[in-house]
Novice: 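Submitted below is the structure of interest, expressed as structure tokens.
Quick note on labels: first sequence line is chain A, next is B, and so on, each numbered from 1.
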Amino acid sequence: MENKPLGEILEDRFAYLFSPELLYALEQVGELRRIKAGQVIMEPGNPLAFMPFILDGAIKVMREEKNGHELLLYYLESGDTCAMSLICCMGVKKSKVKAEAEEDSLLLMVPIKYLEEWICKFPEWRAYIFDMVRVRLDEFIETIDSLAFMNMEERLMKYLRDKVRVTGKTELETTHQEIAEDMNSSRVVISRLMKKLESEGHIHQHRNRVEVVTF
DNA sequence: ACATTAAGTGATT
DNA sequence: AATCACTTAATGT
């Protein structure tokens with residue numbers, strides 16, 4: 001995890017995208033937040049006061065049902081910001097999703113009032129925001145595709161692939177139960193599919209740990 | 001040694 | 001693909 005001053009971190013992440021003026025503005029109004037893995041940072045219904053920039057780590061964004069059922073929608077990674085908070089500016093004031101840190105993460109919280117202000121002020125900001133909305137929308141389509149057209153086995157492979165990408169590790173510390181919850185499936189179904197993937201040589205299994213080999 | 005939690009399995013819908 | 005009921009295996013106290 002980064003331990004440098006904010007200015008340098010922003011420089012590292014956004015220098016190629018943003019002008020020095022915008023970087024400076026971000027540094028002035030942004031508030032740095034360190035989040036521990038597993039920490040819930042947004043619940044459905046909560047008002048959105050900030051747009052979070054992911055400087056380091058990864059955030060998992062989920063849809064949540066009242067009775068506790070969840071579904072993983074997508075991950076936010078370094079350099080990303082949340083589409084929910086962008087749409088917030090256009091009228092929706094409350095979150096429709098739950099967000100939880102997948103790993104220890106570093107966020108820059110920018111009050112949402114600057115979102116609109118900077119769109120007029122900084123052309124590169126406008127381009128970045130529009131691009132973010134596009135990327136998130138693409139991701140949404142991908143999620144819908146997987147729900148509508150893929151069977152459980154394909155969904156599970158996509159899940160494991162995404163998790164490997166986001167964590168940067170091929171050793172995933174997770175249980176069949178947790179995977180089932182993320183995918184809104186049942187543990188038994190996941191266990192059977194995991195066993196199949198193992199027999200095909202895609203993964204190695206241990207207690208509380210999955211080793212992804214051929215993805 | 002015992003309790004708890006994770007993972008495997010057959011049968012049924 | 002989900003659920004039930006049960007077994008087996010791994011881990012912590």
Novice: Between C1' on C/dA2 and CG on A/L193, what's the gap in Å once rounded to a whole number?
Specialist: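 Interatomic distance, CG of A/L193 to C1' of C/dA2: 12 Å.
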Novice: How many Å lie between NZ on A/K196 and C1' on B/dA7, as a whole number?
Specialist: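 In whole Å, B/dA7 C1' lies 19 Å from A/K196 NZ.
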Novice: Can you tell me the distance, in whole Å, between the CD atom of A/E173 and the P atom of B/dA7?
Specialist: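 Going from CD in A/E173 over to P in B/dA7 covers 12 Å.
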Novice: Rounded to whole Å, please give me the gap between NE2 in A/H69 and P in C/dA1.
Specialist: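 To the nearest whole Å, that distance equals 17 Å.
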Novice: Does the salt bridge (Lys or Arg N to Asp or Glu O under 4.0 Å) test come out yes or no for A/K98 and A/E70, once each step is laid out?
Specialist: CA-CA 9 Å; A/K98 177 179 177 182; A/E70 292 179 351; 2.8 Å; yes
Novice: Rounding to an integer number of Å, can you tell me how far A/R155 CZ sits from C/dA1 C1'?
Specialist: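 Roughly 11 Å, once rounded to whole Å.
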Novice: Between A/Y128 and A/F14, how do the two ring planes meet: parallel, tilted or perpendicular, split at 30° and 60°?
Specialist: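 Perpendicular, since the angle between the ring planes exceeds 60°.
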Novice: Quick check for you: among B/dG10, B/dA7, C/dA1, whose closest atom lies nearest to any side-chain atom of A/S191?
Specialist: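 Closest nucleotide among those given: B/dA7.
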Novice: Any side-chain heavy-atom pair from A/K60 and A/Y74 closer than 4.5 angstrom?
Specialist: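 No, side chains not in contact.
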Novice: Strictly under 3.5 Å: I want the nitrogen or oxygen pairs between protein and nucleotides 6-12 of chain C, one per line.
Specialist:
residue	atom	partner	partner atom	Å
C/dA10	N3	A/R207	NH1	3.4

Novice: Answer yes when A/E200 and A/K196 have at least one side-chain N-carboxylate O distance shorter than 4.0 Å, and no when they do not.
Specialist: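 Judged by the 4.0 Å cut-off on N to carboxylate O distance, A/E200 and A/K196 do form a salt bridge.
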Novice: For A/S186, answer base if it contacts any base atom (sugar-phosphate contacts may also be present), sugar-phosphate if it contacts only those atoms, and nothing otherwise; contact means non-hydrogen atoms under 4.0 Å.
Specialist: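 A/S186: base contact, heavy atoms under 4.0 Å.
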Novice: Say whether A/M150 and A/M183 are linked into one hydrophobic cluster, either directly or through other cluster members, by side-chain heavy-atom distances under 4.5 angstrom.
Specialist: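 Result: no, two separate clusters.
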Novice: Rounding to a whole Å, what distance do you find between A/R209:CZ and B/dT5:C1'?
Specialist: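 About 17 Å, once rounded to whole Å.
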Novice: Can you tell me the distance, in whole Å, between the CD atom of A/Q177 and the P atom of B/dA7?
Specialist: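 Atom CD in A/Q177 sits about 9 Å away from atom P in B/dA7.
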Novice: Counting side-chain heavy atoms from C-beta on, which of B/dA7, C/dC4, C/dA2 comes nearest to A/T175?
Specialist: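 My answer, after comparing the listed nucleotides, is B/dA7.
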Novice: Write down the distance between CZ (A/R192) and P (C/dA5), rounded to a whole number of angstrom.
Specialist: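 These atoms are roughly 15 Å apart.
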Novice: Consider only side-chain N and O atoms of A/Q205 and A/H176, and report whether a donor and an acceptor are under 3.5 Å apart.
Specialist: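 The answer is yes; a qualifying pair exists.
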Novice: Between C/dA1, B/dA7, B/dG10, which nucleotide gets closest to the side-chain atoms of A/V188?
Specialist: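 Between C/dA1, B/dA7, B/dG10, the one nearest the side chain of A/V188 would be B/dG10.
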Novice: Do A/P44 and A/K96 have side chains that approach each other closer than 4.5 Å (heavy atoms only, starting at C-beta)?
Specialist: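 A/P44 vs A/K96: side chains apart.
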Novice: For B/dT5 and A/H176 - does any side-chain N or O of the residue sit under 4.0 Å from the phosphate oxygens OP1/OP2?
Specialist: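 No.
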